[in-house]
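Read through the structure below, which is laid out as structure tokens, and then see the notes.
Source: prediction; values computed, not measured. Just so you know, ligand 1 is whichever comes first in the structure, and atom 1 is the first atom listed for that ligand.
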Amino acid sequence: MQRVVMLLDMDYFFAQVEERENPLLKGRPLIVCIFSGRGELGGVVSTCNYAARELGVRSGMPIAFAKRAAREGTFLKADFAKYQKASQAIMGIVKRHAQTTEQASIDEIYAELTQECCGEFGKAAKIAQKIKGEILQQEKLTCSIGIGENKLIAKMAADAKKPDGLSVVKPQEVGRFLHAMPAGKLIGVGKKTEEKLNSLGIKTIWEIAQREEGFLVENFGKSMGGYLFLASKGQDDAPVQEKEEAGQISRIASFPKDTDDHGEIAQLVEKLAQLVFEKVREGGLEFRQVTFTAILDGMQQHTRSRTLPKHESSLLALQKTALELADAFGLEGKKMRRAGVKVSMLQKIGSACGGGSAAVKTQKGLLDF
Ligand code: TTP
Ligand code: MG
Ligand code: MG
């Protein structure tokens, strides 16, 4: 089947959330800042709305520069808890429409839509339209969505039409879409790589695609050179894959058919617990909290958690707890569509003496830039 991937990215995310909370801020330059505490203007711009962008304000710019560019602007301190809350709601909406998703940052999520749209781009666009509608209705926020045959094209498509965009790039359109763009627009090409490409006489993505792999590897190293060779042609076979969130491991799966059969539910929960446990063991970890997630036929999501008296490291403890949580969950006449098992409060085996300090971080935080 034709692969179809979607990438959703929120428009001027932190600033848009602030505008939502206070509509008076709309239409005028609004700059969300991360203050360093060094002096009144120490720190950098987190993001800003379009009115501020027109004045040249950008993410990462020192706040003092932004003050000069947008004298009349409103400067707010970033309130991460607020953005995290909106982010979670948005991610939840996307996850209800796709089996496999991968949150890539606080305002960005990939969804594998191949199965959901039977490989048809038109159907994928309808799903995307629905997601945009739900986010607007429930969260009062706009986003931009790109759809393509892989993650690279989906992301570049989303970037190409902002704000409030929906951009579909079909396989036969990839060449035209990509090749006229400046080399620096290729995902993964930062300032340094772009300068080096330019110094080699390469200005556009098309010109990268004309080069031999050997030439690119020689100039940019094995990893970057190999990447440029494939990406300049729009090729990318990276799967959409849920990353482990910091300090937790989870697995989720669908039933072949929505079910209310206890035996069938127990069987899947046991299997999921086993998959989670494999990761726990690989990492040499022990867990203290177990969570069972149920997604019902109406797409409502429910979670039940239990914190154990002490850290555990056995499959038995995990399966037993997950099964008890699943058993105690009342379906109330509904059927279950998907089930998930998660462990959290992780620590390395044998590091039990400390308190929270032994907590394990399994992934770069979504707020790290
Ligand atoms: P982005 O999606 O890169 O930017 P954005 O959503 O503000 O704007 P766009 O419409 O172009 O997508 O980043 C998401 C949020 O992450 C952003 O709202 C604020 C935060 N952020 C920083 O704090 N510092 C940074 O340097 C960047 C790039 C983002
Ligand atoms: Mg964004
Ligand atoms: Mg983003």
Review point. Backbone N or O of Lys203 within a donor-acceptor pair of the Glu207 side chain at under 3.5 Å?
Key: yes

**Study point:** Which atom of Glu108 approaches the Mg ion (ligand 3) most closely (N/O/S)
**Key:** OE1

Review point. Do Asp261 and Thr259 meet the criterion of a side-chain donor-acceptor pair at a distance under 3.5 Å?
Key: no

Practice item. Check whether any N, O or S atom of Thr47 sits under 2.8 Å from the Mg ion (ligand 2). Key: no

Practice item. Check the angle between the aromatic planes of Tyr83 and Phe14 and answer parallel, tilted or perpendicular using the 30° and 60° thresholds. Key: parallel

Check your understanding: Hey, are Gln241 and Thr100 close enough side-chain-wise for a donor-acceptor pair under 3.5 Å?
Key -> no

Point to revise | Joint hydrophobic cluster, Val4 plus Val169, side-chain heavy atoms closer than 4.5 Å | key: no

Practice item. Using heavy-atom distances, let me know which of Ala104, Ser46, Cys33 sits nearest atom 25 (C) of ligand 1. Key: Ser46

Practice item. Using distance alone, determine whether Glu108 and ligand 1 share an N or O pair under 3.5 Å. Key: no

Review point. Are any of the N/O atoms in Ser59 less than 3.5 Å from those in ligand 1?
Key: no

Practice item. Mark up the atoms of ligand 1 that fall under 4.0 Å of a heavy atom belonging to Thr47, in ascending order. Key: 5 (P), 7 (O), 17 (C), 18 (O), 19 (C)

**Study point:** Any N/O pair Asp11/ligand 1 closer than 3.5 Å
**Key:** no

Exercise for review: From the options Arg288, Gln289, Glu324, select the one residue that forms a side-chain contact (heavy atoms from CB on, under 4.5 Å) with Arg306.
Suggested key: Glu324

**Study point:** Minimum side-chain heavy-atom gap Glu108-Leu7 below 4.5 Å
**Key:** yes

Practice item. Indicate the atoms forming the closest heavy-atom contact of Ala51 with Gly27, along with that distance. Key: CB-O, 3.9 Å

Study note, to complete from the structure: The atoms of ligand 1 lying under 4.0 Å from a heavy atom of Tyr12, numbered in the order shown, are 5 (P), 6 (O), 7 (O), 8 (O), 9 (P), 10 (O)

Check your understanding: Do Met10 and ligand 1 have an N or O pair less than 3.5 Å apart?
Key -> yes

**Study point:** Closest approach to the Mg ion (ligand 3) by Asp9, given as the N, O or S atom name
**Key:** OD2

Check your understanding: Are His311 and Phe287 an aromatic pair by the rule of ring centers under 6.0 Å?
Key -> no

Check your understanding: What N, O or S atom of Asp107 is found closest to the Mg ion (ligand 3)?
Key -> OD1

Practice item. Would you kindly specify which portion of Met61 sits under 4.0 Å from ligand 1, judged on non-hydrogen atoms: side chain, backbone, both or neither? Key: neither

Check your understanding: Of all the heavy atoms in Arg58, does at least one lie under 4.0 Å from an atom in ligand 1?
Key -> no

Review point. Got an N/O contact under 3.5 Å between Ile106 and ligand 1?
Key: no

Check your understanding: Are a donor atom and an acceptor atom from the side chains of Glu312 and Ser314 found within less than 3.5 Å of each other?
Key -> no

Check your understanding: Looking only at N/O atoms, are Phe13 and ligand 1 under 3.5 Å apart anywhere?
Key -> yes

